[in-house]
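Below is one structure, written out as structure tokens, with a few remarks after it.
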Amino acid sequence: MARLRLVLFVAVVVSAALTPPSAIAQLRTDYYASTCPNLETIVRGSVRQSMAQSQIAAPAALRLFFHDCAVRGCDASIMIVNSNGDYEWRNTANQSLKPDGFQAILSAKAAVDSNQQCQYKVSCADIMALAAREAVYLSGGPYYQVQLGRFDGRVSTRDSVRLPSVNFTLDQLNSFFSGLGFSQAEMIALLGAHTLGAADCPFFQYRIRSDPSMDQGLASQLRGTCGSNPSGGFAFLDPTPVSFDNAFYGNLQGGRGLLGTDQVLYSDQRSRGAVDNYASNQGAFFVDFVAAITKLGRIGTKKAATGEIRRDCRFPNQRAAV
């Protein structure tokens with residue numbers, strides 16, 4: 001099986017603000033009904049093809065959406081590449097993002113723009129939101145309606161990225177997520193995205209010998225996984241790494257969560273009840289995850305006056321036209 005590596009989510013910033021009501025109001029599920037009526041079918045076909053080509057395409061695309069929305073809002077700024085090297089992906093905290101996720105978005109954009117009716121009418125930000133939904137749905141998770149109407153940002157800088165550490169406490173996690181307008185309950189549902197994919201050894205190796213909350217059988221196994229090749233080793237986030245389900249929460253109950261920020265959701269009594277609920281009720285998790293990721297998709301959305309529809313997701317239009 002191809003390596004399923006974590007594209008680390010928990011991408012939040014202290015300075016992030018909630019989207020003003022005027023910006024939220026522009027989003028609607030039928031935004032492209034007249035300009036690109038086959039949009040969702042096109043994106044689904046493209047993401048399905050990306051997933052067939054790479055088993056990490058789904059988790060990579062899903063994490064990419066989270067990393068984008070939590071930094072400058074959902075404006076596809078994470079996709080921008082600047083010639084001077086000053087862009088979000090260059091921040092060391094974003095180096096966990098995998099090329100498979102970027103390629104899935106670029107392929108979906110190319111597929112959309114190959115349709116004459118849709119060409120250059122759909123933002124990269126909206127394609128990212130749809131690709132995230134497809135990553136969930138095509139992996140066995142819930143189908144949900146995606147609100148559309150985002151415009152793409154023109155700015156991406158390395159220093160704009162602020163990510164919490166993988167060993168954050170529950171209080172620290174709550175502090176970051178509250179900056180995005182999420183309650184503790186919403187955060188726990190959103191972190192269920194870690195049901196897909198895997199984590200590279202550097203993200204959890206510190207726990208193998210020193211964290212009593214980790215199952216000791218797992219710790220022993222991971223010492224073998226990471227001991228000889230810590231920079232290249234990896235482990236699955238839960239027992240069903242290509243399926244979007246509630247196994248992630250059951251994993252936490254057994255002390256088998258890889259990331260400290262995941263396991264603390266069960267270790268801390270204040271959040272354990274929510275983990276227990278989702279572990280026993282996949283339907284409840286799906287409902288709450290859909291609400292949380294829909295809320296995430298509203299953060300920092302741009303209108304035409306402050307954004308654009310990029311022709312090439314990697315460059316603002318002025319650069320793309322050169």
(Q) Restricting to non-hydrogen atoms, name the atom on Phe289 and the atom on Leu190 that form the minimum distance, rounded to 0.1 Å. (A) CE1-O, 3.9 Å
Q: State whether the side chain of Ser114 and the backbone N or O of Ala111 hold a donor-acceptor pair below 3.5 Å, judged by distance alone.
A: yes
Q.
Looking at every heavy atom in both Lys302 and Thr306, which two are closest together, and how far apart are they?
A. CB-OG1, 3.5 Å
Q: Examine Val155 and Ile78 and state if one hydrophobic cluster contains both, with Ile, Leu, Val, Met, Phe, Trp and Tyr joined whenever side-chain heavy atoms are less than 4.5 Å apart.
A: no
Q: Mind telling me whether Phe286 and Phe244 have parallel, tilted or perpendicular rings, with 30° and 60° as the class edges?
A: tilted
Q) Under the criterion side-chain contact (heavy atoms from CB on, under 4.5 Å), which of Leu148, Asp113, Val47, Val112 is the partner of Ile127? A) Val112
Q. Between Ala219 and Ile208, what is the shortest heavy-atom contact and its length?
A. O-CG2, 3.3 Å
Q: Using modelled atom types only, decide if a donor and an acceptor are shared between the side chain of Ser178 and the backbone of Ser175 within a distance under 3.5 Å.
A: yes
Q | Donor-acceptor under 3.5 Å (Ser160 side chain, Ser156 main chain) | A | no
Q.
So which atom in Leu265 and which in Ser271 form the shortest heavy-atom distance, rounded to 0.1 Å?
A. O-OG, 2.7 Å
Q) Are the side chain of Ser50 and the backbone of Ser46 linked by a donor-acceptor contact shorter than 3.5 Å? A) yes
Q: State yes or no: are the ring centers of Phe285 and Phe248 separated by less than 6.0 Å?
A: no
Q) Does the distance from a Lys or Arg side-chain N to an Asp or Glu carboxylate O, for Asp276 and Arg272, drop under 4.0 Å? A) no
**Q.** Pair Asp75, Ser77: side-chain N/O donor-acceptor within cut-off below 3.5 Å
**A.** yes
Q. Between the side chain of Arg207 and the main-chain N/O of Gly257, is any donor-acceptor distance below 3.5 Å?
A. yes
Q. Can Lys121 be said to sit on top of Tyr32's aromatic six-ring, NZ or CZ under 6.0 Å from centre and within 45° of the ring axis?
A. no
(Q) Checking Phe315 against Arg310 for the side-chain contact (heavy atoms from CB on, under 4.5 Å) test, could you report, in this order, the C-alpha distance in whole Å, the side-chain angles of both residues, the deciding distance, and whether it holds? (A) CA-CA 7 Å; Phe315 310 108; Arg310 280 184 232 142; 6.0 Å; no
**Q.** Side-chain donor/acceptor of Gln282 to backbone N/O of Asn246, under 3.5 Å
**A.** yes
Q | Asp152 and Asn317, any side-chain heavy atoms less than 4.5 Å apart | A | no
Q. Any donor-acceptor pair under 3.5 Å linking the side chain of Arg133 with the backbone of Tyr144?
A. yes
(Q) Whether Asp100 and Lys98 form a salt bridge (side-chain N of Lys/Arg under 4.0 Å from carboxylate O of Asp/Glu) is what I want to check. (A) no
